[in-house]
Amino acid sequence: MSIRVSGFNPVSSTGLTYTPESLGANILELTPRQKFNAEGNIVPEMGIRSEIVSTFNPEKEDLFINFYRTTESGRGVGTEMISNSIQGFGMQNVRSISAELGLTNKSVYEYNMSAEGMSPAQAASNTSPGKSMINPGYGQIEMNGLYIRSGPEN
Amino acid sequence: MACTLDLDRRTKLSASEKTTILRLLEKGKASDLLDLLLGDSPYHVTGEVEFASNDERDAYLMTIEHLRFVSKYGAQAGPIKENGRVYFAYPDYFERWFQLGTPGLTQEDLLSYLSGAA
């Protein structure tokens with residue numbers, strides 16, 4: 001499956017404000033100390049409801065998502081975190097994004113193949129990280145085991 | 001190591017309290033338990049959730065997903081497809097969450113809830 005789009009487009013903001021922290025050379029963590037309350041308003045939050053850690057490989061021009069999680073469901077926070085991480089390293093520098101499918105997304109990925117008859121690329125494109133990689137404009141999902149990659153062909 | 005000390009101070013749940021939680025789910029109170037874990041419940045009295053290991057963090061996150069499923073679909077096994085999305089129950093991770101001492105939920109939180117809401 002090939003989904004090609006042109007260029008990076010930052011996704012629309014959910015309104016959350018993220019605090020960046022460098023965890024090492026080319027390793028970036030983003031966390032909002034905020035959450036959505038029951039009414040859908042953004043309020044301060046002591047704990048971490050969402051976070052993403054990513055590593056940029058300047059030689060491969062690849063952004064690897066080491067870890068991301070959010071307990072905010074259906075608000076586009078995951079996509080926003082990936083988009084913000086790309087911007088954190090410079091959208092002109094990042095040519096591809098990659099990650100290993102996490103626990104819930106692995107379930108969805110395997111379901112998409114076994115119950116829906118999708119190819120690995122289609123199945124991955126219909127997981128949250130797959131959509132989050134396609135939405136900013138990287139497209140072209142490839143799978144290698146449970147590793148998902150979006151960007152130009154190597 | 002400060003994280004570990006904080007966790008040691010936390011009062012973990014007993015076997016009878018596990019039974020209490022399972023009964024709450026049977027009574028349709030999964031969303032109340034979900035709010036307790038997320039810190040959104042007015043009965044949540046413990047501070048910020050901290051994890052001693054990735055295993056604890058994963059069990060906590062998957063229990064949130066499990067409780068979301070149970071609060072919406074009850075005791076069905078799943079998966080359930082709705083509006084183009086597919087939802088799963090995660091009973092194995094829920095059990096693991098108990099084994100790890102219910103990270104994200106303390107005895108104080110549960111007692112607060114039971115004394116005020118249940």
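Chain letters run A, B, ... following the sequence lines, proteins first, then strands; residues in each count from 1.
Residues B:E82 and B:Y73 have side chains in contact (heavy-atom distance under 4.5 Å, counting atoms from C-beta outward).
Heavy-atom distances place the side chain of B:Y90, and not its backbone, under 4.5 Å from chain A. Heavy-atom distances place both the backbone and the side chain of B:L38 under 4.5 Å from chain A.
Donor-acceptor pairing under 3.5 Å is lacking for the side chains of A:E72 and A:S50. For the residue pair B:D109 / B:S112, no side-chain donor-acceptor distance below 3.5 Å is found, with atom types taken as modelled.
No cation-pi contact links A:R69 to B:Y60, judged by a cut-off of 6.0 Å to the six-membered ring centre and 45° from its axis.
Ranked by heavy-atom pairs under 4.5 Å with chain B, the first of A:N112, A:N37, A:L103 is A:L103.
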